[in-house]
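These notes concern the structure reproduced below.
Chain naming here is simple, since letters A, B, ... match the order of the sequence lines and numbering starts at 1 in each.
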Amino acid sequence: MGSAGRSAPGPAGRSAPGPAGGPAVGPSVPADSVPADSVPADRALAYRALAWYAEAARDLPWRRPDAGPWAVLVSEVMLQQTPVSRVLAVYSAWLRRWPSPRALAADPPGEAVRAWGRLGYPRRALRLHAAAAVIDREHAGHVPDDLDALRALPGVGAYTAAAVASFAFRRRQPVLDTNVARLLTRLFADGTRASDGLLRQTLDRMLPTEPAVAAEASVAFMELGALVCTARSPACGPCPLRSQCRLHSSRGLVSEGSSRPPNGASPPSGQPELAGAPRRPPYRGSVREARGLVLAALRSSPGPVAAGTLSLACPDATRRASALAGLLADGLLQALPDGTYALP
DNA sequence: AATGCGTGGTC
DNA sequence: TGACCAAGCAT
């Protein structure tokens, strides 16, 4: 257990976490003096989120009772950096075709890439296939419920492992994704963005004791981040945590709906946020785009495609060559002896 | 630890 | 209209 301050997840050092935070900001207490009787205050936030979730939750297929661990794993991998709206159709078709890890492992990986469609980051399809093979071979076809075993699966990182352990097996696990991180950062806003470790520690204090309830609370936090405490324009009005939210109160009682607290931190000093954010390289005209074009051509063909077909799909020879080399290296593409290309 | 990895929607 | 954003992971 760390002695980390329990108030703001942010490093206790920065931005003078002084008690100045004020009493109205809820679970904010000077570091050090913290003890156990303050824990329920954090848990109260979870119960508020739970109550809100009971009313506002979306009905998503992977949350239904009939969604087993495999379905949950599939959904979590598909949802990595990908909006729910785009995942829905692919998810259904995927599970219909491969209702178990064993079924997927029995097909060639290229079929997974094909079924992945335009979800993006097609390496995820490859890794999900590889994960299915590991599950089949090393876990008797059952998705493991152990955090470390999950973490060891290809394509499964800290978030996905915690999500599967929690949502599929009702284990009491802090589940930290971008939604929850944003939510906590605003909730305890002290001008800094805490480390993931500290955020998870904070979450752990917030989760109810009963594992199944904790699991539900984790989904509730994520849903809150996805629907209410959104990145661009958070709707503080309906937020069940509003009265406990440090950022919201620091904004001075923003009305509702359109209330728009900026992001987590206000630059302490002048810092005109100049050369700060590194600009993302343009997608148009990139090798990245070329990879997509080549893969799309492969997907749309039932069998191998000729080099000439790829030239049509991606006319720029330089980028096409880079894309092919990259896809080959990633195992997303196979070069056949006759000069054609195919999915692996 | 900073990068690279798809794709499409939104304001 | 381009920049940001969407349930991250691997290297």
Here's a test of your reading of the structure: between A/Arg118 and A/Pro281, which maps to the more 5' nucleotide of DNA chain B?
A/Pro281

Below the 4.0 Å mark, does [N] have OP1 or OP2 next to a side-chain nitrogen or oxygen of [X]?
X        : N      : answer
A/Gln80  : C/dG8  : no
A/Arg151 : C/dA10 : yes
A/Tyr283 : B/dG6  : no
A/Arg127 : B/dC5  : no

Under 4.0 Å between any heavy atoms, over every strand shown, what does A/Trp62 touch: base, sugar-phosphate, or nothing? Just pick one.
base

What's A/Leu60 touching, base or sugar-phosphate or nothing? Going by heavy atoms closer than 4.0 Å.
base

Of A/Glu223 and A/Val156, the one whose closest DNA chain C nucleotide lies more 5'
A/Glu223

Report the residue (A/Thr160 or A/Arg182) whose heavy-atom-nearest nucleotide on DNA chain C is the more 5′ of the two.
A/Arg182

Quick one: which of [options] gets closest to the side chain of [X]?
X        : options              : value
A/Arg291 : B/dG6, B/dT10, C/dA7 : B/dG6
A/Pro83  : B/dG6, C/dA6, C/dA7  : C/dA6
A/Arg232 : C/dA6, B/dG9, C/dA7  : B/dG9

I need the [atom1]-[atom2] distance between [X] and [N], as an integer number of Å.
X        : N     : atom1 : atom2 : answer
A/Leu79  : C/dA7 : CG    : P     : 9 Å
A/Gln81  : C/dC4 : CD    : P     : 15 Å
A/Tyr121 : C/dA6 : OH    : C1'   : 10 Å
A/Arg280 : B/dG9 : CZ    : C1'   : 13 Å

Would you find more than 12 non-hydrogen atoms of other residues, nucleotides or ligands less than 6.0 Å from A/Arg284 atom CZ?
no

Any donor-acceptor pair under 3.5 Å joining the side chain of A/Thr82 to the base of B/dG6?
yes

Can you find an N or O donor on one side and an acceptor on the other, under 3.5 Å apart, linking the side chain of A/Arg86 with the base of B/dT7?
yes

Go through the side-chain N and O atoms of A/Ser250 and A/Arg186 and say whether any donor and acceptor fall under 3.5 Å apart.
no

Check: A/Trp94 ring centre within less than 6.0 Å of A/Trp116 ring centre
yes

